[in-house]
Amino acid sequence: MKSLEDLKKMRELALKKVEMREGGKDYRVVVGMATCGIAAGARPVLNKLVEETAEKDYNCVVTQTGCIGMCVYEPIVEVYGKDGSHTTYVHVDADKAVKILEEHVGKGKVVEEYTVDSVRAREV
Amino acid sequence: MMQDLAMQTLEILMNSVGAKADTVILRIRESEHDNRIDIEVEDNGCGMSPEMVQKVTDPFTTSRKTRKVGLGVAFMKGLTEQCNGSFDIQSTVGVGTTVRASIQKDHIDAPPMGDLGEMIMYVIQADENIDFRFYYTTDNGNFEFLSEAVKQELEGVSLLEPEILLWIKEYINEGIIHAKEGME
Ligand SMILES: Nc1ncnc2c1ncn2[C@@H]1O[C@H](COP(=O)(O)OP(=O)(O)O)[C@@H](O)[C@H]1O
Ligand SMILES: [Mg+2]
């Protein structure tokens with residue numbers, strides 16, 4: 001059974017990782033989780049992002065926000081870089097989420113085909 | 001679209017986050033004996049004027065610019081009406097808001113509770129700085145989760161570390177099961 005005691009060990013591990021990576025995280029990954037996002041499938045996306053980040057130790061924090069404001073494109077994932085870069089991915093599912101972590105957060109390469117701009121371009 | 005109670009409650013909690021609350025208290029009571037589920041969300045956010053409180057249960061009210069209709073509060077209210085329940089909002093500008101919803105537990109239209117641990121993980125992911133308190137009560141036992149107690153143990157390590165988020169989710173779901181079974 002879990003207890004608050006577990007956190008002491010988890011704290012040590014987290015601190016070791018912080019040391020290794022020398023400071024804050026490089027990326028902030030944000031999922032839109034309003035009703036429309038949840039209905040469109042944001043939950044498995046957010047859960048996958050958290051699990052993969054834990055497992056593969058990606059250099060990012062995963063957060064969520066209520067409404068990103070483009071309901072027709074949900075689930076939406078935004079990736080903010082430390083350098084001020086900002087990418088919006090749309091119609092994301094769990095598999096695409098894995099790829100975004102691997103390519104964008106892992107290697108610094110934007111996954112162009114999932115971005116809002118390229119999805120919009122394909123629509124016309 | 002049928003949403004579980006956890007996801008509907010998340011909408012109410014996200015309103016508290018949006019209202020810039022620094023303390024959010026969620027109380028859930030599930031009673032077989034009384035055949036009720038009571039959900040209460042209390043925040044110390046910006047609050048609402050009496051006119052706003054009146055309007056807010058109308059599905060066409062939102063102060064947001066990104067979406068034309070607000071749904072969170074109206075959905076919750078509609079659900080309570082459907083499930084032989086009650087609904088109430090108390091709010092004071094500059095002080096905060098308390099939303100109370102109660103439904104008949106075994107009502108045919110009552111949605112399942114859903115994953116409360118996951119829901120609370122999402123609240124923390126929305127704003128890790130909030131002092132979030134969860135009190136869960138059943139006929140057999142209680143469970144509480146206090147974000148500040150976790151922060152105290154972590155001494156500066158962020159709640160947003162993914163391992164910590166996953167731990168929180170499981171810790172809460174374990175606590176809920178134990179409260180239901182009457183174990184401490
Ligand atoms: N806890 C709260 N504190 C302050 N204002 C609130 C709160 N809950 C709801 N509101 C106000 O009521 C509006 C409607 O809320 P809601 O029904 O959830 O729709 P939405 O969040 O999509 O606007 C919100 O936009 C906000 O202005
Ligand atoms: Mg809302």
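Excluded from the calculations below are hydrogen atoms, water molecules and symmetry mates; all remaining heavy atoms, backbone and side chain alike, are included. Chain A is the first sequence line, chain B the second, and so forth, proteins listed ahead of strands; every chain is numbered from 1.
Looking at T65(A), the atoms closer than 4.5 Å to chain B (heavy atoms on both sides) all sit in the backbone: N, CA, C or O. Heavy-atom distances place no part of E52(A) under 4.5 Å from chain B, backbone and side chain included. The contact between E174(B) and chain A is made entirely by side chain atoms (from C-beta outward), counting heavy-atom distances below 4.5 Å. Looking at Q152(B), there are no atoms closer than 4.5 Å to chain A (heavy atoms on both sides), in backbone or side chain. For a residue to count as touching a neighbouring chain, one of its non-hydrogen atoms must lie under 4.5 Å from one of that chain's; by this rule L165(B) touches chain A with the side chain only. Interface residue L46(A): only side-chain heavy atoms are found under 4.5 Å from chain B. Neither the backbone nor the side chain of I124(B) comes within contact range of chain A; no heavy atoms are under 4.5 Å apart.
Residues E118(B) and N47(A) bring a donor and an acceptor atom of their side chains to less than 3.5 Å of each other. The closest side-chain donor-acceptor pair between D88(B) and Q90(B) falls under 3.5 angstrom. For the residue pair D26(A) / Y58(A), no side-chain donor-acceptor distance below 3.5 Å is found, with atom types taken as modelled.
Note on M10(A), M33(A), R43(A): by heavy-atom pairs under 4.5 Å with chain B, the leading option is R43(A). In terms of heavy-atom pairs under 4.5 angstrom with chain A, the leader among E155(B), E161(B), M14(B) is E155(B). Chain A forms more heavy-atom pairs under 4.5 Å with one residue of E170(B), M7(B), K169(B) than with any other, namely M7(B). Counting heavy-atom pairs closer than 4.5 Å to chain B, the top residue among V61(A), V62(A), V31(A) is V62(A).
For K48(A), the NZ atom counts as loosely surrounded, since its 6.0 Å shell holds 12 or fewer non-hydrogen atoms of other residues, nucleotides or ligands.
The pair K8(A)-D6(A) does not count as a salt bridge, with every side-chain nitrogen at least 4.0 angstrom from each carboxylate oxygen. Here K107(A) pairs with E103(A) in a salt bridge; the nearest charged N to carboxylate O distance falls below 4.0 Å.
Tested against C83(B), the residues I108(B), I103(B), D106(B) include a single side chain to side chain contact (heavy atoms under 4.5 Å, CB included) partner, I103(B).
Between F143(B) and H178(B), the gap from one ring centroid to the other reaches at least 6.0 Å.
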